[in-house]
There are 2 protein chains.
Amino acid sequence: MANIQQVAKHAGVSVATVSRVLNGHDKVTAKTKLKVEEAIQYLNYEPSMLGRNLRNSESRIVLILIPTISNPFYFEIIKGIENMALSQNYSILLCETDSKPEKEEIYFDLVRKKMADGIISMDPAVNVETLKELAQHYAIIQCSEYGGGIGIPYVTIDSEEASYRAVKHLIQIGHKKIALMNSDEKFLYARERRMGYERALREHDIPVNGDYIFYTHELGFEQGQMAMKKILRLEDRPTAVFAVSDLLAIGALKEITAAGLHVPNDVAVVGFDKIDFSNMTNPALTTVAQPMYKMGTVAARMLIEKIQGKTVDSVVLGHELVIRESTTG
Amino acid sequence: MANIQQVAKHAGVSVATVSRVLNGHDKVTAKTKLKVEEAIQYLNYEPSMLGRNLRNSESRIVLILIPTISNPFYFEIIKGIENMALSQNYSILLCETDSKPEKEEIYFDLVRKKMADGIISMDPAVNVETLKELAQHYAIIQCSEYGGGIGIPYVTIDSEEASYRAVKHLIQIGHKKIALMNSDEKFLYARERRMGYERALREHDIPVNGDYIFYTHELGFEQGQMAMKKILRLEDRPTAVFAVSDLLAIGALKEITAAGLHVPNDVAVVGFDKIDFSNMTNPALTTVAQPMYKMGTVAARMLIEKIQGKTVDSVVLGHELVIRESTTG
DNA sequence: TTGTGAAATGAAATCGTTTACATTTTCATC
DNA sequence: GATGAAAATGTAAACGATTTCATTTCACAA
């Protein structure tokens, strides 16, 4: 609980000198450095970030905005962000918005009040207007989910292409009746993924059937179950389902099995995200892998550069289709 | 980017008065209050937490220490902590230790450097010595996992009793050959859960068979698979498995199915934690539910009281056995 | 010995608040 | 209108660091 004054006094030097040995930017004699270090040791001194932060007008904290902590999709991204941030002496504040503007506002306030130096937003439901306004004064990066054309740098994958390749895989193993389990098309990625789905179908002369396209309110397990129930009731039942999230796909899996049908013999299933759990199901899920860890590190690096006042460009990363039992048996 | 000085000037009052309307503790005339509020509005002023925090010697940030963010077990607890914290104007820094002392040290340093006001530790692998030493100067609460007798308040459940009831359930539906999939007994909860397991067996005159007890290094899916492989190779194969975490149990589930056996007809499975996924598997998992959200709110309340200098007592909460398909078909 | 420039150190301002204490204003009372 | 207590406001000192600028120290050459 000592402060820099006491260290200075104890070492017989000025506070400036103590600060210099603390930060190591400036030169000090080996002898005085030793004196100061002894005093630090003796007094068990730890520099207070509160003082330092005020003086430097920074908090060295970055905010991560996610809709909910329980979606495993975010794990690897968060790890990527965290590791990059830590290496640059930043800490991360993980913020669940629950897709509620009130909670969002609480966290936005944190940056307005200088408690955070910047934001990485992964919340597709974020209030774009506020974000835009905030971006004029503070460092903001969009990760994975993004609003296009609002002038905020983002890092993401090519959703349309990923979706195209997933559906093409289903076509190539013989499916023609392929359902799409999509989320609300107010989200850009949902529109892109439908376009990829349609492109794959068209390319193989399969007509797009509106009855095969389902929209869910959220991307969770229950929504997957509910949508699958509807799909199973269709009179001309699809033989394959492409779901835009693994949790949706896992819900479908459960529902198909519960109906006494077999995956993939009766219905094949493809998910999206390659969350850890997608490998734990029976059968293991075919899914699109996003380079999540990389997305995290890139987003963090971009944010830190933005904080430092540099201009940064958006980045589109690659993806990969992981073929497992839910399509190939 | 205005500061309190400029607001004061613009409103024609002193900074003290501005501070007073900001905080509302002290009395100000309705008229001056209006003037100040107008100035705040006009200048788009937001008080800086950096200045305030330094002056108040607090950061209003609490640390949550968890081994890994990808264990769903922690979700509800974290939500509980977060909501309670937010309601008291605290923010939470979620810290993954990966069970590595180096990372732990980074986060401990954050509280030493006053960047955080306290810690809620949920990491069973935490360095108890350092924690004990830290607890002499800073507010620390243990949640769910705890080292006993080290004088740091904790909130947890009665692991022994929960384990006892889970195993008793297996016995009551006719099982006699019950395997235990436990984690390393260097952890208190692991020892307690084995004791509960043994108590249930003894109470029904079933001898404890050392060959039926397995230890895993971590509590994940893969460890569950590996342990289950071993169990399936036993010549006198158990008819039931009690795993001390849901992820272990889910690994067991997958392995049993892969071996062409049926759950629960060939092998019944019980997990522990009632994570979201435990309901998404085929079959759904019987498991012990801990009152996670409550644990979180209680831990947060305890921590905040500790920060305020009050003395707090440890708390033991109730639990509940959730019976689903993996034991009853 | 003295002068010189470079290197090391110190003094004091600064970051943006809160608050103890001092001062002024207000207003009921005589 | 003077008096006084209570209410409102102002002044200035913290909080704990960093950094600019001024000053001292030092080594070395003349």
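The analysis underlying the following values was restricted to heavy atoms, covering all of them including side chains, and did not include hydrogens, waters or symmetry mates. So that the names make sense, note that chain A is the first sequence line, chain B the second, and so on, each numbered from 1.
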Classify the ring geometry of B:Y154 against B:Y146: parallel below 30°, tilted from 30° to 60°, perpendicular beyond 60°.
parallel
Counting side-chain heavy atoms from C-beta on, which of C:dA11, D:dA8, D:dG10 comes nearest to B:K27?
D:dA8
Rounded distance (Å) that lies between atom P of C:dA8 and atom NZ of A:K35
14 Å
Return the value, rounded to whole Å, for the distance between atom CG of B:L34 and atom C1' of D:dA8.
16 Å
Separation of A:R112 atom CZ from C:dG16 atom P, in whole Å?
19 Å
Sidechain N-carboxylate O distance under 4.0 Å for B:R60, B:E58
yes
Nucleotide-resolved protein contact map, nucleotides 17-27 of chain C, B/S/- at heavy-atom distance under 4.0 Å
BBB--------
Checking A:N3 side chain against A:Q6 main chain: does a donor-acceptor pair fall under 3.5 Å?
yes
Whole Å only: how far is the CZ atom of A:R60 from the P atom of D:dT18?
12 Å
Determine the contact category for B:L54: base if any of its heavy atoms lies under 4.0 Å from a base atom, sugar-phosphate if only primed atoms, P, OP1 or OP2 are that close, otherwise nothing.
base
Side-chain donor/acceptor of B:D123 to backbone N/O of B:A125, under 3.5 Å
yes
Send over the distance from A:E58 CD to D:dT18 P, rounded to a whole Å.
11 Å
Can you tell me if the side-chain N/O atoms of A:T29 get under 4.0 Å from OP1 or OP2 in C:dA7?
no
Return yes if some donor-acceptor pair links the side-chain N/O of A:N127 with the main-chain N/O of A:E129 below 3.5 Å, else return no.
yes
Identify every side-chain donor-acceptor pair in residues 83-90 of chain B under 3.5 Å, counting partners at least two apart or on other chains, and give the distances.
{"unit_1": "B:N83", "atom_1": "ND2", "unit_2": "B:Y293", "atom_2": "OH", "d": "2.9"}
{"unit_1": "B:S87", "atom_1": "OG", "unit_2": "B:M84", "atom_2": "O", "d": "2.7"}

Rounded to whole Å, how long is the line connecting atom NZ of A:K31 with atom C1' of D:dA27?
15 Å
